[in-house]
Structure formats: structure tokens, C-alpha cells
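The structure appears right after this line, and notes come after that.
Note on naming: letters A, B, ... go to the chains in the order of the sequence lines (proteins, then strands), and numbering restarts at 1 for each one. These numbers come from the heavy atoms of this one structure, side chains and all, not from hydrogens, waters or symmetry mates.
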There are 2 protein chains.
Amino acid sequence: MNLKQLSHMLSLSQTTVSRALNGYPEVNEETRRRVIDAAKRHGYRPNPSARRLATGKSGMIGYVLPTGAAVDIDPHFVEFLSGLGDYARAHELDLVLSPADADDEETTYRRIVANRQVDAVYISSPRPADKRLALVNTLGIPFIVHGRSEGFDFDYPYLDIDNEGAFHEAARLLVQLGHKRLALINGNDRETFAIHRERGVGRALAASGLTLGERHIRSVTMTEENGYRAARRLLEENEPPTAIVCSSLIMALGVVRAVRDLGLTIPGDLSLVAHDDVFPWLRPENFPVPLSTTRSSIRLAGARVAERLAARISGLEEGARGEVWPVDLVVRGSVAGAPL
Amino acid sequence: MNLKQLSHMLSLSQTTVSRALNGYPEVNEETRRRVIDAAKRHGYRPNPSARRLATGKSGMIGYVLPTGAAVDIDPHFVEFLSGLGDYARAHELDLVLSPADADDEETTYRRIVANRQVDAVYISSPRPADKRLALVNTLGIPFIVHGRSEGFDFDYPYLDIDNEGAFHEAARLLVQLGHKRLALINGNDRETFAIHRERGVGRALAASGLTLGERHIRSVTMTEENGYRAARRLLEENEPPTAIVCSSLIMALGVVRAVRDLGLTIPGDLSLVAHDDVFPWLRPENFPVPLSTTRSSIRLAGARVAERLAARISGLEEGARGEVWPVDLVVRGSVAGAPL
DNA sequence: AGAGACTTCCAAAGCGCTTTGGCTAATTTG
DNA sequence: CAAATTAGCCAAAGCGCTTTGGAAGTCTCT
């Protein structure tokens with residue numbers, strides 16, 4: 001059932017039927033009702049390919065997926081996707097994943113924009129002065145950044161959590177508990193979120209005249225093994241930290257293992273706080289010692305990003321609105337006063 | 001730069017240019033060279049929307065993503081996706097994720113097929129007599145199943161690992177080591193892979209006159225917490241198992257925690273083997289006691305599925321070829337002879 | 001030399017929608 | 001009451017490809 005048949009059936013022109021269905025004003029309400037009714041009865045669905053060709057709109061959102069033999073997709077991605085799906089499901093919005101060589105995403109961005117494959121894209125894990133931002137900005141495709149970048153002469157729409165505030169709170173708590181030697185096991189410090197987190201911890205320490213020395217910062221990709229290694233190196237130093245703030249639950253697993261291997265205890269010898277993106281399959285309250293966390297659901301963020309992308313596509317949202325979500329600090333058994 | 005302009009430039013018809021570019025035989029090789037050359041020089045790329053409308057082919061593969069407030073996307077998905085991207089990247093093949101209500105995926109399958117949104121789909125985590133299989137089979141869209149189903153009167157193309165064989169081997173090893181009371185902490189037993197794994201363990205036990213009683217099988221979604229709970233319940237029974245086979249590393253984390261909480265040790269009191277899908281961020285050799293595993297890279301499977309989908313789309317692969325990959329049994333410190 | 005078979009190309013008709021530019025009849029306005 | 005709007009509809013022209021159905025020219029064979 002296509003438009004031609006439907007309009008013939010109604011003894012109307014394709015123009016009128018099309019307009020009736022798409023909510024244009026220049027059609028009699030009575031006629032519109034007839035059309036909509038007939039369309040529903042006959043299960044008419046406009047052919048998306050034809051519509052695409054005519055309008056240049058695809059009704060899909062895109063994501064350029066960096067891949068490569070040495071590249072692992074962040075496990076957080078799947079949670080973000082769940083959220084995105086939560087929104088998209090209800091709006092028949094599909095997501096196009098365009099795998100790209102991690103060393104050359106630009107080609108892929110250009111391709112999907114030139115081909116008009118998607119109406120909008122989102123960008124995740126941005127870095128300061130991230131080239132992708134500049135690119136999509138000049139290419140003129142609607143976009144939203146999940147996270148933040150820095151150092152541009154233009155504003156852009158984003159959704160981010162208050163990483164600095166969260167880690168500031170966490171560190172401040174530890175300082176208040178008497179800890180003087182804090183360490184930070186961070187994610188890749190070329191990404192903005194990691195920079196913000198470090199800044200948060202640094203600010204909290206500075207407020208008490210303390211500092212976060214180079215020695216006490218590890219910046220690694222977030223695997224259990226890297227968490228373990230970082231923790232061991234920190235804890236085997238001369239004056240080991242008495243508290244660690246850690247950027248992910250997965251790394252925290254490694255930290256816990258290292259602490260055990262060294263015959264230490266949490267929170268007796270070491271206080272530990274980690275950031276929790278809320279994985280359904282690994283929960284901080286189930287750690288050997290319930291883990292204190294800064295918590296923010298990445299799934300909710302996914303849903304919100306989808307919602308805002310849809311709004312931008314339909315013109316409901318404009319401009320460079322930045323949105324920063326607060327982060328909860330949830331204190332559990334893994335923190336205690338500094339050892340004497 | 002579109003076809004019209006290009007053909008005008010070459011003083012050829014659109015027909016000839018189109019055919020030259022698409023490798024049709026009825027065009028002089030000399031002409032073809034000229035055309036291809038000019039196309040390259042001017043950076044001509046056929047408009048995919050137009051091509052889609054004309055041919056009905058989208059050049060994309062699809063996946064219907066079950067979502068819902070109570071539905072969590074399997075973290076394995078991201079690894080599979082990495083593999084898919086490895087192949088797709090090199091072939092400019094995009095992946096369309098169509099989020100669907102987990103209780104009604106059929107509508108979405110029908111939509112993407114009717115709209116010809118994708119040229120092929122893959123289906124994962126199939127169950128016996130899975131409705132999705134019957135559906136895509138009748139809808140006539142090329143597909144590949146990652147995993148296996150059972151109980152159909154038709155064959156279908158799939159890629160699966162030898163779950164039964166793997167768990168048979170694992171259980172056989174444990175039996176050989178003198179274990180008489182084995183338990184299985186499995187995934188959702190409505191999915192075929194879990195059934196196969198149970199079958200494998202059962203067969204190994206039966207070969208030695210042992211059985212895997214109802215009591216010794218837990219079938220749960222694969223979270224750390226569920227692994228912990230299942231292990232505790234098993235180990236707190238009258239005659240607790242001396243060996244556990246576990247369907248995922250994440251659950252194994254929970255098992256290890258439970259063992260510790262109960263004051264037991266691995267492998268002294270309990271031998272443990274788990275299936276490892278090869279996550280980059282959690283490796284069995286880094287468990288407190290290095291974990292014995294049945295190993296199979298889900299990422300490689302993703303790449304292979306993409307490759308086969310592409311082959312089916314282009315007609316290189318036909319029929320209902322099933323492909324079963326062997327699984328490695330990797331023995332590490334977590335298994336030992338049965339306690340006396 | 002004429003019939004048949006290739007080879008190589010082309011004009012034009014789709015694919016199914018949106019949108020432009022009217023046209024008619026009804027309504028409002030001075 | 002004539003002129004100017006407006007409401008409501010339509011025909012036709014795209015969007016940029018692929019593909020059908022020739023047509024003209026070149027070879028081959030008897």
C-alpha cells in the first residue's frame with residue numbers, strides 16, 4: 001500500500017494525502033480525518049526510503065564507533081545503550097553504529113553526513129579540544145556530546161555529570177576523616193572526565209593545604225588488572241596513601257585484590273571510594289566491604305541524550321545548552337578515619 | 001556531484017556510467033576505465049538514499065535490541081560489537097540497532113523488513129523454538145543466528161560455540177580429579193546455550209555413574225550477585241559440592257566472594273571452572289586464584305558473523321550452514337583433586 | 001551479400017515520497 | 001458589489017539512482 005494507491009482510493013491527490021498525514025495546515029480537518037482514518041485502516045506506512053530521498057531525513061541517529069585491533073569498546077557503552085533504547089523504543093528511533101578506524105574517525109563522520117545517513121549524532125568520551133567536536137560543528141549536523149570538551153571558541157550542546165564536584169566531595173570526605181595522603185586511580189587522562197575528576201580531588205586537597213602529587217595519580221584504561229597494578233604500586237611506596245579514589249568499579253575490583261594480596265584491610269589500612277556508573281551486574285554494596293561510591297546512572301544519561309537528540313532533530317531544542325547532572329556520594333563501609 | 005553531472009561530463013548516458021561503476025558486463029573496458037577514473041577524480045559517491053529507493057538495498061545490517069525498564073543489555077554485547085566492528089569497518093558496513101520492547105520484538109522485525117531498512121539481521125541468545133527464528137525465516141530476510149535454537153522443521157544458518165563439548169570437558173576433568181558432587185551455576189536456562197552446557201555437564205557425570213541433581217543446578221542471569229547467592233546456597237547445604245562449573249566470569253566473581261565469606265578456599269575446598277568469553281577488562285588469570293576456564297572469544301564470533309552476513313547479502317553464502325567453534329579448556333590454579 | 005549474433009550505448013520509465021506553483025470557489029473587505 | 005483574500009485542493013516537478021527495452025554499429029557465417 002503506497003501513497004498513490006491510498007490517494008486514488010480516497011479520490012484525492014497525493015499532495016493532499018501527504019499533507020494531511022504530515023499535519024500541514026492547508027487541508028480541511030474533515031478531509032484530514034478521512035485520510036488518517038483510511039491510512040490506519042489500510043495500514044499505510046510511508047516508505048522511509050522514498051521519504052529519505054525526498055526530504056534528506058533518515059529518522060535515525062548515529063554513533064561513530066571507534067574500532068581497531070587494539071581498541072576495546074568501553075563496557076559502559078552497553079549501559080548507555082540501554083538508556084538510549086529506553087527512549088528510542090517508544091519513538092521508533094533507530095540507532096546507526098558506523099564502525100570507524102579509531103585513528104581516522106573523520107572520514108566516517110564525513111561519510112555519514114554527506115550521505116545523510118542519520119539526522120543527528122552523539123559523541124562520547126570527548127577530550128579537550130576534541131577534533132570530532134570541531135568537525136561535526138562545521139559539518140552542521142545536529143549533535144550532542146555526552147561528556148564535555150574544553151578549549152573551543154564555540155559553544156555546543158552537551159550532557160555531562162559533575163565529575164569535578166563528585167570527586168571533590170569524595171576527596172573532601174576523606175580529608176575530613178583525617179586522611180593526608182590520597183591517591184587517585186583515574187581513567188585515561190586525555191579524556192575530559194578524567195581531568196575534571198583530578199581537578200576535583202586536587203581542589204579538595206588544596207583546601208586543606210594538601211596536594212595530590214604526580215606520584216599519587218595513576219591514569220590507565222579501566223580494567224581490573226590496571227586497577228590492581230596501580231594499587232600495588234601506590235601501596236608499596238614508602239609512604240603509601242591511606243585513601244584511594246578510583247574512577248570505576250571495575251578498577252576497584254583490582255584495588256581490592258591488591259589490598260588483599262598485600263595483607264592489608266579496607267577500611268582499616270585503606271579507605272576506598274570509587275565512581276559507580278550503575279552496572280546491573282556489579283554492585284558496590286556487594287563488594288567484600290561495601291564500597292563507597294560517587295554514583296550516576298549512565299543509563300539515564302543515555303535516555304536523556306536520545307531525548308535531546310530527538311528534540312534537536314525536530315527543532316524543539318536549539319542552541320548550545322549544556323546540562324550537568326549532580327552526582328550522589330554514597331557512603332558505605334569502605335571508608336573510615338585515617339590510620340594513626 | 002551526482003550521476004547526472006558525471007555522465008554529462010563524460011558525454012555518456014547515466015545508464016552507461018551507472019553500469020560501468022557497478023561492474024556490469026555490457027560496457028567497453030576502455031569506457032569503464034574512463035568512467036571509474038573520472039568518478040574517482042571528482043570524488044563521486046552514489047547517493048545511498050537514491051540507490052536504496054531504486055534497489056531496495058540499504059547496505060546495512062540490523063539487530064533488534066530488546067529493551068525495557070526491567071531489561072538489561074548483556075555486557076557481552078559490547079565485545080561482540082567490537083568484533084562486528086572489526087569486520088564492518090573495513091567494508092563500510094553499518095549496523096542499525098532497532099530498540100524494541102522485549103515483550104514484542106515481532107513488530108520491530110516486521111517493521112525493519114517491510115521498510116527494507118537493512119539487508120540482513122543477526123539474532124543472538126536464541127531459545128529453543130525461538131519465535132524470532134521462525135519469523136525472520138518466513139519474512140525472508142537474510143539472517144544468521146549467533147548461538148543455536150532447536151525444534152524447527154527447517155534449517156538455518158548459525159554460528160555457535162561447542163557449549164556442550166566445553167562443559168563436558170570441564171566436568172570430565174573435575175570427575176577425573178575425583179569430584180563426585182558437582183554443581184552448575186548456569187545462565188538463563190531458557191536459552192539454548194545454557195541447556196547445552198547443562199547437557200555437557202550431565203553427560204560427563206553420567207559417564208561415571210554420577211548425576212547432576214536438580215539441587216545442584218542454579219540458573220540465573222549472569223550478575224556477580226547471582227553468582228554469590230547461588231554459590232552460598234550450594235555451599236551451605238548438607239553435602240555441598242566440591243566443584244562448581246560456572247557460566248560466566250562475572251558470576252565467578254560472586255562465587256569467589258561466597259567461598260571467602262564462608263571461610264573456605266579454592267581449590268582446597270572447592271574447585272572452580274568458569275566460562276570465559278574473553279573480556280579485556282576482566283581476566284581469569286587475575287582472579288585471586290587463577291581461574292580455570294573454557295574459553296572462546298566472543299569478539300571473534302562477532303567478526304565472523306559480520307563476515308558471513310556480508311557474504312549472504314552479496315549471495316556468496318547460501319543455504320543453512322551451521323558453524324560450531326571448538327572451545328579451549330584452560331586449566332589454572334582453581335582446580336584440584338577432591339577433598340577427602 | 002544478407003541474415004543473424006554480438007557489442008556497446010542510450011532514452012525513458014520507474015522507485016514512492018515531498019514540495020512548488022497554481023487554480024477554483026468561498027469568504028472577507030472597502 | 002467588485003476587488004482582494006483565503007481555504008482547500010491538484011498536477012507535475014523534483015530527489016538521484018537502477019533497469020527495461022531498444023537501437024545502432026560491428027562481426028560472423030553461409
Original post:
Which letter, B, S or -, goes with each nucleotide of nucleotides 15-22 of chain D from 5' to 3', with contact meaning a protein heavy atom under 4.0 Å?
Top reply: BBBBBBB-
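When the local axes at the two ends of the helix from dA1(C)-dT30(D) to dG30(C)-dC1(D) are compared, using 5 base pairs at each end, they differ in direction by 40° after rounding to 10°.
A pairwise comparison of heavy atoms in A20(A) and R32(A) identifies O-NH1, 2.9 Å as the closest pair. In this structure, F80(B) and H146(B) approach most closely via the heavy-atom pair CE1-ND1, 3.3 Å.
When rounded to the nearest whole Å, the span between CZ of R32(A) and P of dC9(D) equals 10 Å. If you take CG of N28(A) and C1' of dA7(D), they are 9 Å apart, rounded to a whole angstrom.
Residues D86(B) and T67(A) have side chains that never bring a donor and an acceptor to within less than 3.5 angstrom of each other.
Residue S11(B) is classed as a sugar-phosphate contact, given heavy-atom separations below 4.0 Å to backbone atoms only.
When ring centroids are compared, Y87(B) and H91(B) come within the 6.0 Å threshold. Checked against the 6.0 Å centroid criterion, the rings of F143(A) and Y109(A) do not qualify as a close aromatic pair.
Within the 4.5 Å cutoff, side-chain heavy atoms of L133(A) are placed close to those of I123(A). Residues E106(A) and K131(A) are not in side-chain contact: their nearest non-hydrogen atoms beyond the backbone lie 4.5 Å or more apart. By the 4.5 Å heavy-atom criterion applied to side chains, I61(B) and L95(B) are counted as neighbours. Side chains of V113(A) and V121(A) form no contact here, defined as non-hydrogen atoms less than 4.5 Å apart.
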For nucleotides 23-27 of chain C, print each protein N/O atom paired with a nucleotide N/O atom at under 3.5 Å, atom names and distance only.
none

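For R110(A) (side chain) and L139(A) (main-chain N/O), no donor-acceptor pair under 3.5 Å exists by modelled atom type.
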